[in-house]
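Read the structure below first, then the notes.
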Amino acid sequence: MLIQEDLSLEEKLKILSDGAKYDAACTSSGVSRRGRPGFLGNTSAAGICHSFAADGRCISLLKILLTNQCIYDCKYCVNRCSNDTVRTAFTPQEVCRLTMEFYRRNYIEGLFLSSGVLYSADYTMEQIYEVVWRLRTQYRFNGYIHVKAIPGASPELIEQTGFLADRMSVNLELPTAEGLKKLAPGKTREKILRPMRQIQQGIWGNAHFLDGEDQRKIGSGERGGPSFLQGTGAGFRGGAALLREDLAQSGYRPRNSQGRPFVPGGQSTQMIVGATPESDLQMMSVAQALYYNFGLKRVFYSAYIPVNQDESLPSLPGGPPLLREHRLYQADWLLRFYGFRAEELLSEEQPNFNVFLDPKCDWALRHLELFPVEVNRADYGALLRVPGMGVKSVRRILAARRGGKLDFGDLKKLGVVMKRAVYFITCKGKMMEGVRLDQDYITSCLLGDERRSVWDIEHKDCYRQLSLFDDWKLEVCPSSEDAVKAGKGEL
């Protein structure tokens with residue numbers, strides 16, 4: 001299908017920003033870089049604003065495709081080559097112009113640039129590199145840039161782009177090779193994992209630091225190579241952990257001739273939820289292996305939204321699986337920050353998450369032999385596994401109990417969600433009055449709040465990406481009394 005050459009820049013923007021809304025793999029920068037004299041922009045944590053669409057996807061950056069033309073025919077993708085749709089493409093100069101103009105107007109704080117594959121992987125990656133190079137050198141843009149690494153592109157192009165971008169990502173798309181073969185026949189697991197491995201090597205410096213024997217082991221899977229997808233996940237000392245140990249001894253971190261580090265914000269990926277029949281256990285096992293073996297910063301989960309008609313695609317009478325996506329994100333948080341393992345949260349007997357209970361509560365109810373936990377004596381790991389307690393609240397507890405014994409009132413002040421935690425803890429050796437350690441009793445108490453949360457998630461029916469041009473329209477105009485209160489700051 002031919003690319004439309006006569007479209008205006010605004011028409012291209014509408015088409016290519018709409019085509020990018022299904023890519024969930026963008027988030028805050030993960031980079032802290034202050035402004036510099038002679039440059040425009042920064043990547044401080046407060047500088048990346050976040051706006052969220054109704055389905056929860058982060059759209060804080062200028063999020064566009066370089067082109068919606070693609071040589072692949074992925075059955076789930078709106079930009080598949082067999083779709084009859086208007087095709088267009090930005091030039092690198094146009095992307096730079098849009099980024100700078102939107103930045104100067106304070107609409108955005110950075111760029112998220114994805115793309116279909118135009119002509120070939122190398123040609124597309126070369127265009128992406130030119131965008132980033134122009135922004136950094138010609139426009140002196142010092143803000144956050146997240147770009148896609150195109151599977152199949154030459155390692156040299158990916159390396160040069162990595163020295164200019166803050167974050168790179170390669171979408172895994174589907175958790176198993178079988179699913180990829182069925183719905184994306186033009187892509188292979190090896191082709192996707194190769195740039196992932198290269199980015200990991202560049203981030204940790206092993207492409208230049210490790211000797212030939214170590215590089216051979218990495219390539220063959222002996223140190224966390226692509227063979228991880230054949231199993232259910234790796235141990236905590238996976239390939240990424242071993243690379244960190246190697247480089248910690250040398251203090252080495254690769255930088256180019258201008259002193260710029262390689263992909264300082266790390267890499268991420270995305271998996272589609274519900275397009276293929278894999279269980280939650282399979283998805284979490286793959287995510288766990290990616291974290292441990294490839295050192296990923298984030299794994300994003302995108303509920304499958306039917307945009308094409310194909311007999312290979314599932315029918316979704318209940319709409320996109322947003323609740324399942326929500327549960328996967330909750331479990332992903334437990335993997336990254338709470339010390340849980342995929343095989344602890346799920347099993348072959350229970351391969352999918354509980355619909356009505358979040359993964360942490362569900363795990364606690366299945367392991368009541370570990371509770372109640374005494375908050376005045378338990379260590380960090382034990383407290384972190386109590387429902388209703390997070391990383392911050394546990395650290396506050398550890399600091400506060402040095403000054404004396406804590407009671408239930410103190411825990412609430414420290415940020416503990418007592419409506420969940422109260423069933424699993426004791427203070428000064430006693431549970432709260434009226435609470436008993438019984439699975440059926442606790443489940444019935446927890447389900448009240450969880451069912452309301454489930455309803456909110458399942459009734460989200462808007463997938464529109466937030467517009468950069470106009471505000472959301474209110475169905476009912478505010479009254480004059482409300483307008484006056486808003487002006488006085490009383491609302």
Report task. For the pair Tyr291 (side chain) and Asp332 (backbone), establish whether a donor and an acceptor sit closer than 3.5 Å, ignoring hydrogens and angles. Result -> no

Report summary line: Taken to the nearest 0.5 Å, the spacing of Tyr76 OH from Thr276 OG1 works out to 9.5 Å

Query raised in the report: Parallel, tilted or perpendicular: which describes the rings of Phe337 and Trp333, with under 30° parallel and over 60° perpendicular?
Result: tilted

Report task. Answer whether the closest heavy-atom distance between the side chains of Ile64 and Leu113 falls below 4.5 Å. Result -> yes

**Report entry** Any donor-acceptor pair under 3.5 Å from Asn308 side chain to Cys77 backbone
**Finding:** yes

Query raised in the report: Which heavy-atom pair separates Arg401 from Leu383 by the least distance, and what is that distance?
Result: NH1-CD1, 4.0 Å

Requested in this report: Take Gln350 and Asp362 through the test side-chain contact (heavy atoms from CB on, under 4.5 Å) and record every step on the way to the result.
Outcome: CA-CA 11 Å; Gln350 184 184 334; Asp362 186 55; 3.0 Å; yes

Requested in this report: Starting at CZ of Arg395, measure out to CG of Leu384 and round the result to the nearest 0.5 Å.
Outcome: 9.0 Å

Query raised in the report: If you measure from OG1 on Thr269 to CZ on Arg298, what distance do you get to the nearest 0.5 Å?
Result: 12.0 Å

Query raised in the report: With distance as the sole test, does Arg167 use its side chain to make a donor-acceptor pair with the main-chain N or O of Gly265 at under 3.5 Å?
Result: yes

Query raised in the report: If you draw a 6.0 Å radius around CD in Glu433, do more than 12 non-hydrogen atoms from other residues or ligands fall strictly inside?
Result: no

Requested in this report: Give the intermediate values and the outcome of side-chain contact (heavy atoms from CB on, under 4.5 Å) for residues Asp358 and Arg327.
Outcome: CA-CA 7 Å; Asp358 71 79; Arg327 292 286 183 245; 3.9 Å; yes

Query - Check: Ser279 side chain, Asn352 main-chain N or O, donor-acceptor pair, under 3.5 Å - result: no

Query raised in the report: What is the ring orientation for Tyr107 with Phe102, classed by angle as parallel under 30°, tilted 30 to 60°, or perpendicular over 60°?
Result: tilted

Query raised in the report: Got a salt bridge between Asp310 and Arg80, using NZ or NE/NH1/NH2 to carboxylate O under 4.0 Å?
Result: yes

Report summary line: Closest non-hydrogen contact found for Pro320 with Ile305 is CG-CG1, 4.1 Å

Query raised in the report: Any donor and acceptor pair, going by atom type alone, linking the side chain of Arg189 with main-chain N or O of Thr176 inside 3.5 Å?
Result: yes

Requested in this report: May I ask you to decide if Ala342's main-chain N or O and Gln288's side chain share a donor-acceptor pair within less than 3.5 Å?
Outcome: yes

Query raised in the report: Any sub-3.5 Å donor-acceptor pair from Lys360's side-chain atoms to Arg385's backbone N or O?
Result: no

Query raised in the report: Is the NZ or CZ atom of Arg420 both under 6.0 Å from the centre of the six-membered ring of Phe424 and within 45° of that ring's axis?
Result: no

Query raised in the report: Of the non-hydrogen atoms in Ala149 and Pro151, which two are nearest, and what is the gap between them?
Result: O-CD, 3.3 Å

Query - Note, Ile425 side chain near Leu411 side chain (heavy atom, < 4.5 Å) - result: yes

**Report entry** Heavy-atom side-chain contact between Leu313 and Pro306 under 4.5 Å
**Finding:** no

Requested in this report: Could you walk me through whether Asn354 and Leu365 pass side-chain contact (heavy atoms from CB on, under 4.5 Å), step by step?
Outcome: CA-CA 11 Å; Asn354 193 315; Leu365 284 169; over 6 Å; no

Query - Considering all heavy atoms, the nearest Ala184-Cys74 contact - result: CB-SG, 3.6 Å

Requested in this report: Locate the shortest heavy-atom distance separating Val286 from Leu172; write the atom from each residue and the value.
Outcome: CG1-CD2, 3.7 Å

Query raised in the report: Would you say Glu278's side chain and Met283's backbone share a donor-acceptor pair under 3.5 angstrom?
Result: no

Report task. Answer yes or no: is there a side-chain heavy-atom contact under 4.5 Å between Leu174 and Lys182? Result -> no

Report summary line: Closest heavy-atom pair, Ile203 versus Gly266, reported as atoms and distance to 0.1 Å, is CD1-CA, 3.9 Å

Report task. Would you confirm whether Thr443, through its side chain, and Gln439, through its main-chain N or O, come within 3.5 Å as a donor-acceptor pair? Result -> yes

Query raised in the report: Does some side-chain heavy atom of Cys427 sit less than 4.5 Å from a side-chain heavy atom of Leu406?
Result: no

Query raised in the report: Quick check: are there more than 12 heavy atoms from other residues, nucleotides or ligands sitting under 6.0 Å from NZ of Lys75?
Result: yes

Query - Note, Met389 side chain near Val375 side chain (heavy atom, < 4.5 Å) - result: yes

Requested in this report: Check whether any side-chain heavy atom of Pro185 sits under 4.5 Å from a side-chain heavy atom of Asp73, and report yes or no.
Outcome: no

Query raised in the report: Ser169 versus Gln270: any side-chain heavy-atom pair under 4.5 Å?
Result: no

Query raised in the report: When rounded to the nearest 0.5 angstrom, what distance separates CZ in Phe408 from NZ in Lys428?
Result: 10.0 Å

Query raised in the report: Just how far is it from atom CD1 of Ile128 to atom CE of Met168, taken to the nearest 0.5 Å?
Result: 8.0 Å

Query raised in the report: Is the backbone of Phe353 close enough, under 3.5 Å, to the side chain of Asp280 for a donor and an acceptor to pair up by distance?
Result: yes

Report task. Report the C-alpha separation of Leu111 and Leu62 in whole Å, then their side-chain angles, then the decisive distance to 0.1 Å, and conclude whether the side-chain contact (heavy atoms from CB on, under 4.5 Å) test is met. Result -> CA-CA 5 Å; Leu111 171 67; Leu62 175 57; 4.2 Å; yes

Query raised in the report: Hey, what do you get for NZ (Lys187) to CD1 (Ile192), rounding to the nearest 0.5 Å?
Result: 6.0 Å

Query - Heavy-atom neighbours of Lys191 NZ exceed 12 at 6.0 Å - result: yes

